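Notes follow once the structure below has been shown.
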Amino acid sequence: MAKELTSRSENYSQWYNELVVKADLAENSAVRGCMVIKPYGYAIWEKMQAQLDFMFKETGHVNAYFPLFIPKSFFSKEAAHVEGFAKECAVVTHYRLKNDPNGNGVIVDPDAKLEEELIVRPTSETIIWHTYKNWIQSWRDLPILVNQWANVVRWEMRTRLFLRTAEFLWQEGHTAHATKAEAIEETFKMVNVYADFVEQYMAVPVIKGHKSANERFAGALDTLCIEALMQDGKALQAGTSHFLGQNFAKAFDVQFANKEGKLEHVWATSWGVSTRLMGALVMAHSDDHGLVLPPKLAPFQVVIVPIYRSDEQLADITKKVDEIIPLLKARGISVKYDFSDAKKPGWKFAEYELKGVPVRLAVGPRDIENGTVEVARRDTLTKEVVNFVGIDQYVEDLLENIQQTIYKKAFDFRAEKTTSVDTWDEFKEVLENKGGFISAHWDGTPETEQKIKDETKATIRCIPMDAVEEEGLCVYSGNPSNKRVLFAIAY
RNA sequence: CGGGGUAUAGCACAGUCCGGUAGUGUACCUGGUUUGGGACCAGGGGGUCCUAGGUUCGAAUCCUAGUGCCCCGACCA
């Protein structure tokens with residue numbers, strides 16, 4: 001049992017780290033705080049990327065690419081923005097190395113100091129709004145609906161694979177609009193795209209809502225988000241969509257002539273999801289045997305393992321497998337036939353469970369004799385022997401069933417871990433013993449939110465969009481409140 | 001940047017207290033037997049014991065200084 005995982009319940013963090021490494025998703029690199037995404041992990045990310053990109057295009061967006069480096073002066077133009085990111089920026093100060101005169105390798109050439117330092121982008125609002133100034137003169141130039149797939153760097157103190165790394169891959173949409181209403185509509189539209197993606201493809205249920213002022217993006221007037229619950233009862237922010245108002249347009253002097261010929265500042269949004277979604281995917285579904293991947297994102301949905309003693313038996317099995325594969329492929333199902341003789345069947349079973357392959361077919365001499373196939377599903381770890389005839393339909397239905405089953409499991413888990421509380425004692429008790437989301441009244445002030453955070457580490461994850469109007473008293477201050485918000489300990 | 005821990009084979013670790021030829025598991029290589037849930041037997045390769053200095057006949061082990069990494073805080077998608 002070379003790859004046995006630490007149990008989820010024993011040490012969730014360790015379980016997560018081991019799983020990410022052993023399932024070949026990613027590993028820590030030699031570079032501080034950075035991560036190597038391995039081919040299997042990247043294959044999952046590519047599937048996410050492809051689907052998201054499709055959804056962005058469906059909603060009218062196009063892709064572009066902006067520079068990695070941002071002149072320092074751009075950064076200081078939006079006050080809240082610089083305050084939010086200044087503490088975690090990587091800065092380029094020189095442009096050349098030279099041989100160390102003392103013979104110790106190379107050193108930074110002190111003569112090659114940049115006149116203006118360059119910031120490695122932690123996010124691209126500033127460089128993009130600087131660019132948009134040249135793109136926008138008239139109402140006819142609007143809206144601009146651009147997305148960028150890129151890497152960004154945030155110099156985090158402590159990092160965790162996928163959840164928080166110094167460099168990460170993401171997409172960032174940056175849109176410009178003629179009216180406030182249109183920009184707000186875009187902000188909602190994109191948070192809905194994210195929610196649809198995470199729920200339908202990742203099979204992770206999310207809560208859509210607004211961030212409180214404390215948690216809002218630096219430079220935004222409103223931040224919409226989707227929040228997911230992990231199996232250890234901690235919340236994970238899975239995506240954000242910001243209504244930026246006219247802040248960046250004013251900071252970068254981006255105005256357009258409206259239909260009346262008058263100059264107005266444009267209205268902006270930005271929205272992003274990152275490789276952090278990979279962390280959400282792992283933590284939401286996996287178990288002590290390894291990953292559980294939703295069929296819609298698995299690099300291959302079905303693995304076929306032959307069981308044989310002799311070469312003749314393998315030939316017979318392969319002949320049958322060669323009939324199955326085209327049937328599955330015709331239904332758009334991706335298949336891997338692992339006929340390698342380097343590993344034994346038992347090893348392969350364990351390995352593909354670790355990697356989260358949704359469906360495994362085992363074909364051995366008994367099956368050849370009986371005209372059957374053994375079908376194992378990853379999510380429930382159950383096995384069935386089914387007829388070879390109609391196997392393609394069976395697997396197609398099974399994949400759909402798995403996709404829905406793991407969503408439902410995550411949904412039920414979240415429902416069970418969401419608690420409505422009305423007193424401060426209850427709040428602390430639930431947080432400590434049960435975890436998960438706590439639905440409670442809040443007086444709406446940043447001070448109260450901060451005090452709750454200081455005392456319990458819990459933060460307001462969001463003010464749910466579908467929160468019902470309800471008279472109540474703040475769970476901490478006792479001041480009046482008109483709706484419940486969601487608290488949790490967050491990643 | 002505070003508090004704690006740790007550094008020995010690709011990986012996980014023992015050996016350190018009490019100085020005396022560098023070990024175990026796993027992975028890797030070769031051969032054979034195996035193959036319906038991580039096979040077994042035999043043989044083999046692989047080490048600046050984090051770095052520098054000191055004590056000693058002799059240091060992975062003791063002393064001094066430095067460095068890396070991990071965990072817990074502060075910071076954060």
Side-chain angles (χ1 to χ4, degrees), chain A residues 1-6 11 13-14 17-18 21-22 27-33 83-89 122-123 151-172 194 211 214-218 220 223 225-228 235-242 270-280 289-290 305-311 313-314 317 338-355 360-370 372-376 381-383 385 453-454 457 459 461 490-491:
Chain A
M1 301 288 269
K3 284 190 167 180
E4 192 160 4
L5 291 169
T6 296
N11 186 334
S13 287
Q14 196 177 337
N17 270 312
E18 285 181 10
V21 173
K22 288 179 178 169
E27 61 192 21
N28 279 308
S29 79
V31 183
R32 183 204 164 277
E83 190 178 332
F85 287 101
K87 284 173 284 186
E88 50 182 22
C89 285
T123 179
N151 57 342
V152 288
V153 168
R154 296 180 189 176
W155 211 259
E156 300 291 351
M157 304 274 190
R158 285 180 61 200
T159 61
R160 296 193 71 189
L161 291 168
F162 287 122
L163 298 178
R164 178 164 295 107
T165 46
E167 178 189 11
F168 55 94
L169 305 180
W170 76 345
Q171 58 71 215
E172 45 181 328
Y194 289 154
K211 282 295 183 193
N214 282 4
E215 299 278 321
R216 196 176 286 153
F217 176 75
T223 289
C225 64
I226 51 173
E227 292 286 326
L236 183 76
Q237 177 175 308
T240 47
S241 180
H242 314 292
S270 69
W271 27 274
V273 293
S274 72
T275 36
R276 179 176 240 209
L277 288 179
M278 294 283 295
H289 290 86
V305 177
I307 292 150
Y308 59 96
R309 289 189 175 79
S310 65
D311 287 350
Q313 281 178 334
L314 176 61
I317 291 164
D338 186 356
F339 52 83
S340 146
D341 63 354
K343 300 291 182 190
K344 292 179 50 178
W347 192 93
K348 291 177 187 174
F349 292 173
E351 180 68 11
Y352 292 116
E353 267 162 24
L354 180 61
K355 290 195 163 174
R360 182 186 72 232
L361 305 182
V363 185
R366 283 211 299 268
D367 298 300
I368 299 295
E369 207 172 299
N370 302 334
T372 57
V373 177
E374 183 190 84
V375 183
L381 293 168
T382 51
K383 292 190 280 198
V385 176
K453 185 180 179 182
D454 292 343
K457 292 185 195 163
T459 50
R461 299 324 303 155
Y491 273 97

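Small disclaimer: the values here were computed from a predicted structure and weren't measured. So that the names make sense, note that chain A is the first sequence line, chain B the second, and so on, each numbered from 1.
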[atom1] of [X] versus [atom2] of [N]: gap in Å, rounded?
X	N	atom1	atom2	value
A:Lys22	B:rG38	NZ	P	17 Å
A:Glu351	B:rG37	CD	C1'	13 Å
A:Glu156	B:rC75	CD	P	12 Å
A:Tyr491	B:rC75	OH	C1'	18 Å

Pairing check on [N]: which nucleotide meets the Watson-Crick or G-U wobble criteria with it, both distances under 3.5 Å?
N	value
B:rG38	none
B:rA52	B:rU64
B:rU21	none
B:rA74	none
B:rG58	none
B:rG46	none

Can you check the distance between [N] and [M], where both ends of the measurement are the [atom1] atom (answer in whole Å)?
N	M	atom1	answer
B:rG31	B:rG53	P	46 Å
B:rC40	B:rA27	P	9 Å
B:rG68	B:rC17	C1'	25 Å
B:rU61	B:rG19	C1'	6 Å
B:rG15	B:rG25	C1'	15 Å
B:rG5	B:rC11	P	25 Å
B:rA9	B:rG36	C1'	36 Å
B:rC75	B:rC49	C1'	37 Å

Using salt bridge (Lys or Arg N to Asp or Glu O under 4.0 Å) as the criterion, list what pairs up with A:Glu172, not counting sequence neighbours.
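Per chain and number, A:Glu172 pairs via salt bridge (Lys or Arg N to Asp or Glu O under 4.0 Å) with no residue.
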
If you assign A:Arg360 and A:Arg461 each to the RNA chain B nucleotide with the nearest heavy atom, which residue ends up on the more 5' nucleotide?
A:Arg360

Between A:Asn17 and A:Pro365, the residue closer to the 5' end of RNA chain B by nearest nucleotide is A:Pro365

Do A:Lys348 side-chain atoms and A:Ser340 backbone N/O form a donor-acceptor pair below 3.5 Å?
yes

Excluding sequence neighbours, so at least two apart, what forms side chain to side chain donor-acceptor pair (under 3.5 Å) with [X]?
X	answer
A:Thr159	none
A:Arg360	A:Glu353
A:Tyr194	A:Gln171
A:Thr382	A:Thr380

NA contact type, [X], heavy-atom cut-off 4.0 Å: base, sugar-phosphate, or nothing?
X	value
A:Phe168	base
A:Thr275	nothing
A:Gln237	sugar-phosphate
A:Leu236	nothing

What are the atom names and distances for every N/O pair under 3.5 Å that joins the protein to nucleotides 67-70 of chain B?
none

Let's go through A:Trp170 and A:Phe168 carefully: what are the C-alpha distance in whole Å and the side-chain angles of both, what is the deciding distance for ring-ring contact (aromatic ring centres under 6.0 Å, His included) to 0.1 Å, and is it a yes or a no?
CA-CA 7 Å; A:Trp170 76 345; A:Phe168 55 94; 5.7 Å; yes

Look at the side chain of A:Lys383 against the base of B:rG36 and say whether a donor-acceptor pair falls under 3.5 Å; ignore hydrogens and angles.
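There is none.
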
Checking [X] now: which residues fulfil side chain to side chain contact (heavy atoms under 4.5 Å, CB included) with it, not counting sequence neighbours?
X	answer
A:Lys344	none
A:Ala350	none
A:Thr372	A:Asp367, A:Asn370, A:Val385, A:Asn387
A:Arg216	A:Ala213, A:Ala220, A:Thr223

When you compare the protein's N or O atoms with those of nucleotides 10-13 of chain B, which come within less than 3.5 Å of each other, and at what distance?
none

Enumerate all atom pairs, one protein N or O and one N or O from nucleotides 29-35 of chain B, separated by less than 3.5 Å.
| from | atom 1 | to | atom 2 | distance (Å) |
| --- | --- | --- | --- | --- |
| B:rU35 | OP2 | A:Arg309 | NE | 3.2 |
| B:rU35 | O2' | A:Tyr308 | O | 3.3 |

What closest approach, in Å, do A:Arg160 and A:Tyr491 show between heavy atoms, and which atom pair accounts for it?
NH1-CE2, 2.9 Å

What's the shortest heavy-atom distance between A:Cys89 and A:Pro122, and which atoms?
SG-CG, 4.0 Å

Under 4.0 Å between a side-chain N/O of A:Lys348 and OP1 or OP2 of B:rG36, yes or no?
no

Would you call A:Cys225 and A:Thr240 a side-chain contact if the rule is heavy atoms closer than 4.5 Å?
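A:Cys225 reaches A:Thr240 side chain to side chain.
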
